[in-house]
Amino acid sequence: MSFLLVVDDNDDLRMVVAHMLRLAGHEVMEASDGKAALAAIENREPDLLVLDLWMPHMSGLELCALLKSNPFTARIPVLMLTAQSDLAHKIQGFQAGADDYLPKPFEPLELKARVQALLRLVQRESQRNPSSGLPGGRAIEEEIARRVNATNGAAFGVIYFDLDHFKPYADTFGFAVADATITATGEALRRALERSGVPSDFAGHIGGDDFIVVTSTETAAKVAEAAAQEFQAAVAAIVGSETASKGVFRSQDREGREREFSLARMSAVILLVEPEKYQSLTHLGRRAAELKQQIKSQGSGSIIVMPL
């Protein structure tokens with residue numbers, strides 16, 4: 001049974017949608033606006049979010065963008081519902097990170113079919129990532145929960161890795177090189193744990209170019225440094241020694257301006273987690289996302305160590 005969250009400020013429509021999904025065999029929670037939904041997600045992460053586009057206090061667009069900016073909630077699929085069916089509103093929804101879009105009024109069978117399709121996607125992505133070979137989704141959540149609930153109550157380190165400038169890198173060197181780099185990152189993390197970690201350490205692939213390692217507080221910094229070294233060597237082997245020796249490449253930034261980017265750099269946020277102070281995976285991800293922005297201001301290859 002999947003757990004769904006239906007968010008709509010129209011009480012009648014929200015209850016109808018929730019009723020349809022309960023009849024389809026899902027467990028459903030309801031929220032009347034974006035802020036209430038965010039509080040519900042903090043308490044329990046849903047398998048899928050059915051979200052109205054326009055709501056007071058926090059719109060569906062704002063909530064969707066917030067969730068998708070958090071590496072640990074970005075994987076929650078979002079089905080956007082709206083009475084606005086024109087192309088401009090659809091584009092707004094997709095730009096905010098929505099995974100699918102259903103204009104009102106809709107047929108119950110179509111709603112159920114789209115929900116099932118998104119849930120199948122979640123199921124596939126929760127297994128080992130085919131490129132990196134690392135576990136993702138539920139496996140990451142379960143590993144952190146296991147550490148939090150361990151009887152010894154020991155603090156642990158969560159290392160959130162981000163591949164610097166990965167989009168311009170992929171645009172410049174092409175899909176095959178980008179995919180090979182994701183594969184090499186999985187190998188780099190495994191080698192880093194062999195070098196500097198302990199057997200109980202965990203490496204996972206959140207998605208895209210976001211990776212995670214769960215290790216002890218004592219070894220976290222060494223693992224992060226080893227991973228950065230292994231990653232740099234792996235990328236050098238992929239792009240070739242001549243390109244690697246330059247240390248930079250030219251590509252367009254998000255504003256379409258051409259500039260130089262550092263090559264083969266990996267940044268890391270190390271969060272030191274005390275189980276008794278732990279709140280949720282959503283909170284952890286939001287903290288990691290905030291520190292990721294701080295890293296960007298410090299330059300490529302940075303490592304930040306902070307308490308959760």
Side-chain angles (χ1 to χ4, degrees), residues 1-5 26-29 37-50 63-64 66-78 97 99 115 118-162 182 185-186 189-190 193 197 200-217 220 223 268-292 307-308:
M1 179 187 293
S2 298
F3 174 55
L4 314 183
L5 178 60
H26 304 292
E27 180 185 356
V28 182
M29 178 178 282
L38 194 60
I41 293 168
E42 286 272 6
N43 185 55
R44 182 183 177 188
E45 185 180 304
D47 297 306
L48 184 143
L49 190 62
V50 181
L63 175 59
C64 185
L66 183 62
L67 293 176
K68 295 300 182 178
S69 69
N70 183 326
F72 296 105
T73 57
R75 63 189 175 88
I76 301 174
V78 174
D99 298 278
V115 165
L118 288 172
L119 288 172
R120 284 196 299 270
L121 179 64
V122 171
Q123 182 62 32
R124 287 198 300 269
E125 291 185 347
S126 68
Q127 309 304 319
R128 285 189 179 272
N129 186 285
S131 294
S132 67
L134 296 177
R138 292 295 180 206
I140 295 173
E141 184 177 352
E142 290 169 0
E143 174 62 22
I144 292 177
R146 184 184 68 80
R147 300 260 185 163
V148 169
N149 297 319
T151 54
N152 62 5
F156 59 96
V158 174
I159 314 174
Y160 166 56
F161 291 100
D162 178 59
I182 293 297
T185 304
L189 294 186
R190 282 188 282 264
L193 290 179
S200 61
D201 287 346
F202 173 91
H205 188 171
I206 299 169
D209 61 328
D210 295 319
F211 293 80
I212 185 173
V213 161
V214 185
T215 183
S216 70
T217 55
V223 168
V269 170
I270 302 175
L271 292 170
L272 305 178
V273 182
E274 296 182 37
E276 66 273 14
K277 297 180 181 179
Y278 180 80
Q279 296 182 32
S280 67
L281 195 63
T282 302
H283 174 254
L284 188 150
R286 187 166 61 246
R287 185 71 174 128
E290 291 168 356
L291 292 172
K292 176 182 174 179
L308 178 59

Pairwise distance CZ(R190) to CG(L134) - rounded to 0.5 angstrom: 5.0 Å
Nearest atoms (heavy-atom pairs only) where D201 meets G197: OD2-CA, 3.1 Å
D99/R75 ion pair, N-O < 4.0 Å: no
Pair E143 + R147, salt bridge at N-O below 4.0 Å: yes
Gap separating the CD1 atom of I206 from the CD1 atom of I212, nearest 0.5 angstrom: 5.0 Å
Nearest non-hydrogen partners of E45 and F72, listed with the distance: OE1-O, 3.7 Å
Chi angles and distances behind the side chain to side chain contact (heavy atoms under 4.5 Å, CB included) call for D47, H26: CA-CA 10 Å; D47 297 306; H26 304 292; over 6 Å; no
Spacing of OG1 belonging to T282 relative to CG belonging to L67, to within rounding of 0.5 Å: 7.5 Å
Gap separating the CG atom of N70 from the CZ atom of R287, nearest 0.5 angstrom: 12.5 Å
T185 and S132, any side-chain heavy atoms less than 4.5 Å apart: no
Interatomic distance, D210 atom CG to K292 atom NZ [nearest 0.5 angstrom]: 5.0 Å
Stepwise side chain to side chain contact (heavy atoms under 4.5 Å, CB included) check, H205 with L189: CA-CA 10 Å; H205 188 171; L189 294 186; over 6 Å; no
For R146 against S200, the heavy-atom pair lying closest together: NH2-O, 4.3 Å
Which atom of L118 lies closest to which atom of P77, heavy atoms considered: CB-CB, 4.2 Å
Distance-minimising heavy-atom pair for A220 and I270: CB-CG2, 3.7 Å
L281 side, atom CG; I144 side, atom CD1 - distance, nearest 0.5 Å: 5.0 Å
Side chain to side chain, L291 and Y160, heavy atoms closer than 4.5 Å: no
Contact summary for A154 and P275, nearest pair of heavy atoms: O-CG, 3.3 Å
Residues which pass side-chain hydrogen bond (donor to acceptor under 3.5 Å, both in side chains) with S280, listed by chain and number, not counting sequence neighbours: E42
Criterion side chain to side chain contact (heavy atoms under 4.5 Å, CB included) on L4 and L119, from CA distance to verdict: CA-CA 10 Å; L4 314 183; L119 288 172; 4.3 Å; yes
